[in-house]
Amino acid sequence: MSAEREFEHGMTDRDITQLLADAASEVEIGIAPTQALIRGGRRRRARRWAIAAVTAVVVAGSTGALAVTGLPGGEDREVTPATQPPTPRPPLVVEPEQTTLATGTDGGRPWKVVLNVWPAPKDELEAVATLEAMAEFGDFPGDIRRPEDLIGKSAYFLHGGIEKTDRALAGITAGGLTTEADRMSGTDLESVAAPLDRETEHRRRLVIGHVAKTAQEVTCTWKDGSSTVLPKAVAHVTGEHDINGTRGTAETDVPAIRTADGSPYSWFVCLAPQGTAYKSAKVTK
């Protein structure tokens, strides 16, 4: 095969070499990472040889851009060198602080109340990851319409009742949002009451509430006139885990006011005796 291959445009290797040499003698090449760009350009144009005077010139200055002149059918234009894409942010792993607030048996059936406290996201990316993790736990914040609505807000969810599966509790599911400014004081108390088992009961016997961390005693009063007094737990719930991965101690079967990591409140759970239902609850000390 001849060393001077002819192309369909009527030019030989020697013609092209001479053309590029003439062009190069008239420009000053500076320091810039041009070779990779030029090689990439050649690969992209492999099927459509542009036999024209194409000169890559390094533009003086701090931008390091390439000025490509003499492109067929186009004017002079500036091409910015390719840059490395930003390092992707690693996937966020978001989990709630889980605390077992109370356990017990009723008519031979075990029941439990679990509190999930989710950390407040700092930005929209964290908010999206938190909402996705919440969905896996069956926690759905009803006040949130967009991920950004969750930024700066901690969410808590209560799941309680007769144990059906590892995560399903058949009595009550409730939740809310808090910020760093949310605090309770004095005799402040908020509570919710529901059947222990929605499938078989209609009486609101299971009561869950939160109070100020200074509260020392809560009294739950039932419709039959009886009451249950809950003192403040002597110690914080420990870091031990039960079979479902939630934290608690053997004392969770004793009604008490308990604290929980991540929550600005103290919490209490009381269960009315069979045959009666919730009437009221208040801080008595």
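Owing to the predicted nature of the structure, the values given are computational and were not obtained by experimental measurement.
- Taking CZ from R146 and CD1 from I151, the interatomic distance works out to 9.5 Å, rounded to the nearest 0.5 Å.
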Worksheet entry | Criterion side-chain contact (heavy atoms from CB on, under 4.5 Å) on L169 and E163, from CA distance to verdict | CA-CA 5 Å; L169 298 170; E163 296 188 55; 3.6 Å; yes
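- Under the 3.5 Å distance criterion, the side-chain polar atoms of R183 are left unmatched by any main-chain donor or acceptor of P264.
- Between the side chain of T99 and the backbone N or O of L101 there is no donor-acceptor pair closer than 3.5 Å.
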Item to complete: I would like to know whether D143 and D149 meet side-chain contact (heavy atoms from CB on, under 4.5 Å); could you show each step before the answer?
Response: CA-CA 9 Å; D143 295 337; D149 295 338; over 6 Å; no
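- V94 approaches A133 most closely through the heavy-atom pair O-CB, 3.5 Å.
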Discussion item. Checking D224 against K279 for the salt bridge (charged side-chain N to carboxylate O under 4.0 Å, His left out) test, could you report, in this order, the C-alpha distance in whole Å, the side-chain angles of both residues, the deciding distance, and whether it holds?
Written reply: CA-CA 9 Å; D224 66 358; K279 180 179 180 180; over 6 Å; no
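- One hydrophobic cluster, built from ILVMFWY side chains closer than 4.5 Å, holds both L206 and V192.
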Discussion item. Assess the residue pair K112 and T252 against the criterion (side-chain contact (heavy atoms from CB on, under 4.5 Å)); give the C-alpha distance rounded to whole Å, side-chain angles, the decisive distance to 0.1 Å, and a yes or no.
Written reply: CA-CA 9 Å; K112 179 169 61 176; T252 54; over 6 Å; no
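- The shortest distance between side-chain heavy atoms of V114 and N116 falls below 4.5 Å.
- Rounding to the nearest 0.5 Å places CH2 of W111 at 5.5 Å from CG of L271.
- In this structure, the side chains of L115 and Q98 stay at 4.5 Å or more apart for every pair of heavy atoms.
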Discussion item. Please determine whether side-chain contact (heavy atoms from CB on, under 4.5 Å) holds for the pair R258 and K232, giving the CA-CA distance in whole Å, both sets of side-chain angles, and the decisive distance to 0.1 Å.
Written reply: CA-CA 6 Å; R258 306 182 188 281; K232 189 168 186 176; over 6 Å; no
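- Heavy atoms only, all atoms of each residue included: A127 and P147 are closest at CB-O, 3.1 Å.
- Although no hydrogens or angles enter the test, the distance criterion places a donor-acceptor pair under 3.5 Å between the side chain of Q216 and the main chain of T214.
- Put simply, NZ on K282 and OG1 on T221 are 6.5 Å apart, with the number rounded to the nearest 0.5 Å.
- Using a 30° and 60° split on the angle between ring planes, W267 and Y265 fall in the perpendicular class, above 60°.
- Of all non-hydrogen atoms in E95 and P119, the two that sit nearest each other are O-CD, 3.8 Å.
- Atom CD1 of residue I144 and atom NZ of residue K153 lie 5.5 Å apart, to the nearest 0.5 angstrom.
- For the pair F157/F137, no side-chain contact is recorded, criterion being any heavy-atom separation below 4.5 Å from C-beta on.
- The two residues G138 and H159 have their closest heavy-atom pair at O-CE1, 3.9 Å.
- Think of Y278 as one node in a network of Ile, Leu, Val, Met, Phe, Trp and Tyr side chains linked at under 4.5 Å; its network also takes in L189, V207, V211, V218, W222, L230, I257, F268, V283.
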Discussion item. Set out, in order, the CA-CA distance, both residues' side-chain angles and the distance that settles salt bridge (charged side-chain N to carboxylate O under 4.0 Å, His left out) for R205 and D106, then state yes or no.
Written reply: CA-CA 11 Å; R205 299 174 55 214; D106 184 74; 2.8 Å; yes
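- Rounding to the nearest 0.5 Å gives a distance of 9.0 Å between CG of L177 and CG of D182.
- By the 4.5 Å heavy-atom criterion applied to side chains, E190 and M184 are counted as neighbours.
- Listed for the R204 side chain is no donor-acceptor partner under 3.5 Å among the backbone atoms of P195.
- Note on V128 and W118: separate hydrophobic clusters, where clusters join Ile, Leu, Val, Met, Phe, Trp and Tyr whose side-chain heavy atoms are under 4.5 Å apart, directly or indirectly.
- For the pair R203 and A277, the tightest heavy-atom approach, listed with the atom from each and the gap, is CB-CB, 4.2 Å.
- Using a distance-only test at 3.5 Å, with no hydrogens or angles considered, a donor-acceptor pair links the side chain of R145 to the main chain of G142.
- Between S263 and V117, the closest side-chain pair of non-hydrogen atoms falls below 4.5 Å.
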Item to complete: Please step through side-chain hydrogen bond (donor to acceptor under 3.5 Å, both in side chains) for the pair S227 and T219, ending with a clear verdict.
Response: CA-CA 7 Å; S227 61; T219 299; over 6 Å; no
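- H210 and D188 share no donor-acceptor pair across their side chains, judged by distance under 3.5 Å alone.
- Separation of atoms OG1 (T130) and NZ (K122) is listed at 9.5 Å; rounding is to 0.5 Å.
- The two residues S154 and A120 make their nearest non-hydrogen contact at N-CB, 3.7 Å.
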